[in-house]
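A short write-up of the structure that comes next.
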Amino acid sequence: MRFAISIPQFVADGAFDPGAFRAYLRRAEDLGFESGWTQEQVLGAFPHLSANETMAYAFACTERLRLGCAVHVTPLHIPAHLAKSLATLDQLSRGRLDVGVGSGGRNRPFGAFGLDGEAHVARFTEGIRLLKALWTEEEVDFDGRFWQLEGATMEPKPFQKPGPPLWFGGSHPNALARAVKHGDGFFGAGSSTTAAFAEQVKTLRELLGGREDFQIAKRVYISIDDDGNAARRRAADGLAGIYGKRGLEAVAVAGTPEECVAGVQEVADAGAELILFTPFADQAEQMERVAAEVMPRI
């Protein structure tokens, strides 16, 4: 079992503390977390630092921790720009980058990105194909529906060969099939319940047919407190702030240390090989408690 921790991104205007950020990441390395993960949110009232820029800063603060984004909504990106940015991050980190990708669904504000939202899945899969081509081919000839290149080159390519691991998000059976076909792993969403994740893993295992080079992860929103009710209130408030609605408490693991161990064990038993802990508040303190009171018991 491997463990990851979310990177602090929810920062109000003028509130970023470089010293605390560096200390958090260095402590994550000391506590034995394998990786740290950002999220991508370009628009919204909830303060949120950009994923790639936050990772660039975080790479400079760390030596061993792998870093990734779960997930880039790639239909909102130009593949050539994204390929260049990610290849650069992988070079600067000497191969410590993981890349999460997802189609984002039909309800994204496509108009803000110059898109009409039509055929977003086709745009997603074509963009992944082009991303990989730019990372692996000396010259790229690409005659796609959305993008066309002739004799295009991109250097340097990613430090990792043939490129950083690609983790796919999504919940629809078709999304799971795309993950198996095009990806190196699947990342279960924090907004999905453990029961839903278990069903997704079952489908993935059937599609993989014994393939062993595919990883499965799950984001787990977590809130630990000696007062279990206080932990659950914190989780409910945190989820409402992130998703803008109430009633999502079932997706979080919240309560006393013993209750959190039980909840996280259920996620592991459902098939997660990597668990990404995402606290709602007091992230440094919650990270310490996760490492001391939960991880050793899973």
Side-chain angles (χ1 to χ4, degrees), residues 38-44 50-53 55 68-91 97-158 160-189 191 200 203-204 206-209 211 213-215:
T38 60
Q39 301 178 63
E40 181 180 70
Q41 178 182 311
V42 177
L43 301 175
S50 177
N52 282 3
E53 288 81 355
M55 284 193 291
C69 174
V71 297
H72 291 289
V73 182
T74 55
L76 305 182
H77 292 266
I78 297 172
H81 282 157
L82 185 60
K84 185 67 173 182
S85 178
L86 295 173
T88 299
L89 284 172
D90 202 45
Q91 284 288 337
L97 179 68
D98 285 89
V99 178
V101 296
S103 65
R106 295 181 177 276
N107 297 323
R108 297 284 170 171
F110 290 101
F113 299 88
L115 305 170
D116 59 14
E118 293 298 317
H120 73 282
V121 172
R123 183 181 291 272
F124 170 68
T125 54
E126 183 175 309
I128 296 299
R129 287 174 44 228
L130 179 51
L131 190 81
K132 290 183 175 182
L134 289 167
W135 282 351
T136 58
E137 299 176 16
E138 290 187 12
E139 289 192 359
V140 177
D141 293 312
F142 193 92
D143 186 18
R145 175 179 173 183
F146 305 102
W147 298 283
Q148 299 80 40
L149 292 82
E150 184 175 351
T153 60
M154 178 175 287
E155 295 292 341
K157 306 211 181 289
Q160 298 174 87
K161 309 301 181 190
L166 285 178
W167 298 78
F168 279 57
S171 58
H172 191 278
N174 291 344
L176 302 180
R178 286 191 293 272
V180 170
K181 181 177 181 180
H182 299 289
D184 303 296
F186 170 75
F187 224 115
S191 57
Q200 292 163 3
T203 300
L204 286 167
E206 293 171 354
L207 292 169
L208 287 165
R211 176 180 160 192
D213 62 339
F214 190 89
Q215 306 175 79

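Worth saying up front: this structure is predicted, and the values here are computed from it rather than measured. Residues: numbered from 1 along the sequence shown. Just the heavy atoms: all of them, side chains too, but no hydrogens, waters or symmetry mates, feed the values below.
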To the nearest 0.5 Å, how far apart are CZ in F142 and CG in L130? 5.0 Å

Counting only heavy atoms not in D143, do more than 12 fall under 6.0 Å of its CG? no

If I take atom OG1 from residue T136 and atom CG from residue L131, how far apart are they, to the nearest 0.5 angstrom? 9.5 Å

R106 atom CZ, neighbour heavy-atom count above 12 within 6.0 Å: no

Counting N and O atoms only, with roles assigned by atom type, does the side chain of S85 sit under 3.5 Å from a partner on the main chain of H81, one being a donor and the other an acceptor? no

Take V180 and R211, measure what side chain to side chain contact (heavy atoms under 4.5 Å, CB included) needs, and give me the verdict at the end. CA-CA 9 Å; V180 170; R211 176 180 160 192; 4.0 Å; yes

Hey, does R178 have a side-chain heavy atom less than 4.5 Å from the side chain of P173? no

Short question: side chain of W135, backbone of A83 - any donor-acceptor pair under 3.5 Å? yes

Less than 4.5 Å apart, side chain to side chain, heavy atoms only: is that true for Q160 and P165? yes

Quick one: pull up NE2 in H120 and CG in N107 and give me the separation to the nearest 0.5 Å. 9.0 Å

Close side-chain approach of P109 and L43, heavy atoms under 4.5 Å: yes

Please confirm whether the backbone N or O of L134 pairs with a side-chain atom of K157, one donor and one acceptor, at under 3.5 Å? yes

Roughly how far apart are E126 CD and R145 CZ, rounded to 0.5 Å? 8.0 Å

Provide the closest heavy-atom pair for G169 versus A175 in the form atom of the first, atom of the second, distance. O-CB, 4.3 Å

Closer than 3.5 angstrom, by distance alone: can the side chain of E40 be matched with the main-chain N or O of C69 as a donor-acceptor pair? no

Does K132 use its side chain to pair, donor to acceptor, with the backbone of G163 at less than 3.5 Å? no

Do you know which two heavy atoms are closest between L89 and L97, and how far apart they sit? CB-CD2, 4.2 Å

G185 and A179 have their tightest heavy-atom pair at O-CB, 4.5 Å

Can you see which heavy atom on A87 is nearest to which on P156, and at what distance? CB-O, 3.8 Å

Does the side chain of N174 come within less than 4.5 Å of V121's, by heavy atoms? no

Is it the case that atom CD in E138 sees more than 12 heavy atoms from other parts of the structure closer than 6.0 Å? no

In this structure, are over 12 heavy atoms from other groups packed under 6.0 Å from D213 atom CG? yes

Is the shortest side-chain heavy-atom distance between T125 and K181 below 4.5 Å? no

Look up atom CG in L166 and atom CD in Q215, then write down how far apart they are to the nearest 0.5 Å. 11.5 Å

Counting the benzene-type ring for Trp, do F124 and F168 have ring centres under 6.0 Å apart? yes

Determine yes or no for a side-chain-to-main-chain donor-acceptor pair under 3.5 angstrom, with Q200 supplying the side chain and G188 the backbone. no

Rounded at 0.5 Å granularity, tell me how far CD in E139 sits from CD in E150. 10.0 Å

Do D90 and V99 have side-chain heavy atoms sitting under 4.5 Å apart? no

Without swapping roles, check the side chain of T38 against the backbone of A70 for a donor-acceptor pair under 3.5 Å. no

Nearest heavy-atom approach of E155 to K84 is O-NZ, 2.7 Å

Side chain to side chain contact (heavy atoms under 4.5 Å, CB included), paired with R123, selected from L115, T74, L76, I128: L115

For a 4.5 angstrom cut-off between non-hydrogen side-chain atoms, does N52 reach L86? yes

